[in-house]
Amino acid sequence: MNSFLFFVLTGTSLLQPLSERLESVTYLTGSFAQTDYWALTMDSEETSGTMHLAHPNRFLLQYDDSEGRAMGCTGTEVFTVDPVFAEILVYSGSPTGFLHILSSASENDCSIESSQIGDSVTVIASGLFEGGVTEITAGYTLSDSLPFLFSTTDANGNSTSWAIADLQIGDTVPDIFSIPEPAGYSIVDAGTI
């Protein structure tokens, strides 16, 4: 039997199991389905691929739709690999990876809503977070505290959601969390655009 619980509170105890689990995992990989929505044009786009997460604030999304297309964070720099323009955009400054965004929800005073259906918990944190994010949604299973959903929405109503599946935990971190250097690609400082 599925049960549904709803809470509104200030604090982050509902995100704590997910945060603690992700902090304790050395390396996590799985598949993702990403949905981007742009509020101004009401357009959306769906993509999929392979996700990699590791500490501190490292992630890599390798997309299936275009050979070499990726987005990641080295722990200090966020980058996007765009094979169409043969460019790598580098965003220097504070990291904005999954783990960093989730921890910013834990550190900020925010409104929290939570629902539980069976083994699945979905938490929606609303407030003012880094990078103009106003809402963070995280879904995880109670049995293992691993994520199945992560979503952000900004002040303009634009959102990006990742449905996460087929997760595997590793004991070692592969050497994949660096800015790639494919031949013929230009590296562009995104702050100059």
Side-chain angles (χ1 to χ4, degrees), residues 1-37 48-62 71-76 78 94-155 158-174 176-177:
M1 174 184 227
N2 289 341
S3 63
F4 180 77
L5 303 172
F6 181 77
F7 306 95
V8 176
L9 52 95
T10 299
T12 56
S13 61
L14 295 170
L15 285 171
Q16 190 172 359
L18 175 60
S19 295
E20 287 178 355
R21 178 66 162 155
L22 291 178
E23 288 173 9
S24 71
V25 171
T26 302
Y27 168 67
L28 187 66
T29 187
S31 62
F32 71 88
Q34 178 177 324
T35 302
D36 293 297
Y37 173 76
S48 61
T50 304
M51 173 199 75
H52 307 272
L53 292 175
H55 280 286
N57 296 318
R58 292 180 287 180
F59 78 90
L60 179 63
L61 301 177
Q62 297 171 312
M71 184 170 105
C73 183
T74 65
T76 57
V78 175
S94 65
T96 56
F98 291 101
L99 302 176
H100 183 71
I101 291 171
L102 189 59
S103 66
S104 74
S106 298
E107 295 165 1
N108 286 312
D109 189 25
C110 56
S111 172
I112 303 280
E113 297 178 18
S114 174
S115 62
Q116 178 182 338
I117 300 175
D119 190 41
S120 300
V121 175
T122 303
V123 179
I124 302 171
S126 301
L128 296 175
F129 307 106
E130 289 183 29
V133 172
T134 58
E135 185 175 279
I136 298 169
T137 302
Y140 64 93
T141 50
L142 286 172
S143 57
D144 59 13
S145 298
L146 288 174
F148 62 81
L149 171 69
F150 187 75
S151 176
T152 61
T153 303
D154 70 18
N158 304 310
S159 65
T160 301
S161 300
W162 296 270
I164 303 165
D166 308 319
L167 288 176
Q168 297 176 13
I169 297 172
D171 294 331
T172 59
V173 178
I176 58 173
F177 298 103

L15 side, atom CG; Y140 side, atom OH - distance, nearest 0.5 Å: 7.0 Å

Residues in side chain to side chain donor-acceptor pair (under 3.5 Å) with Q34, at least two apart? D36, Y63, W162

Donor-acceptor contact present, side-chain H55 to main-chain Y27, <3.5 Å: no

Taking side chain as C-beta onward, heavy atoms only, is I136 less than 4.5 Å from F129? yes

Taking only residues two or more places apart in sequence or in another chain, which ones pass side chain to side chain donor-acceptor pair (under 3.5 Å) with S31? D166

Any side-chain heavy atom of F177 within less than 4.5 Å of one from C73? no

Using the side chain to side chain donor-acceptor pair (under 3.5 Å) criterion, which residues pair with T172? Sequence neighbours excluded. none

Gap separating the OG1 atom of T74 from the CZ atom of F59, nearest 0.5 angstrom: 10.0 Å

My understanding is that only residues two or more places apart in sequence, or in another chain, count here; which of them pass side chain to side chain contact (heavy atoms under 4.5 Å, CB included) with T50? T29, H52, Q62

Side-chain contact, heavy-atom cut-off 4.5 Å: S114 with V121? yes

Any heavy-atom pair between the side chains of D154 and T134 that's under 4.5 Å? no

Would you call Q116 and L142 a side-chain contact if the rule is heavy atoms closer than 4.5 Å? yes

Determine whether E135 and T152 make a side-chain contact, defined as any pair of heavy atoms from C-beta on separated by less than 4.5 Å. no

Residues forming a side chain to side chain donor-acceptor pair (under 3.5 Å) with T153, sequence neighbours excluded: none

Minimum-distance pair of heavy atoms, taken over all atoms of L167 and G30: CD2-CA, 4.0 Å

Run the side chain to side chain contact (heavy atoms under 4.5 Å, CB included) test on I112 and I124 for me, step by step, so that the C-alpha distance in whole Å, both residues' side-chain angles and the decisive distance to 0.1 Å come before the verdict. CA-CA 6 Å; I112 303 280; I124 302 171; over 6 Å; no

Please list every donor-acceptor pair under 3.5 Å in which a side-chain atom of residues 144-151 meets a protein atom from a residue at least two apart or in another chain.
unit_1	atom_1	unit_2	atom_2	d
D144	OD1	T141	OG1	2.3
D144	OD1	L146	N	3.0
S151	OG	T160	O	3.3
S151	OG	S161	OG	2.9

With side chain to side chain contact (heavy atoms under 4.5 Å, CB included) as the test, would you mind laying out the steps for I117 and S115 before giving the verdict? CA-CA 7 Å; I117 300 175; S115 62; 5.6 Å; no

Any side-chain heavy atom of N158 sitting closer than 4.5 Å to one from Y37? no

Is any side-chain heavy atom of R21 less than 4.5 Å from a side-chain heavy atom of I169? yes

Yes or no on side chain to side chain contact (heavy atoms under 4.5 Å, CB included) for V173 and R58, after CA distance, side-chain angles and deciding distance? CA-CA 10 Å; V173 178; R58 292 180 287 180; 4.0 Å; yes

Give a yes-or-no answer on whether the side chains of D171 and T26 include a donor-acceptor pair shorter than 3.5 Å. no

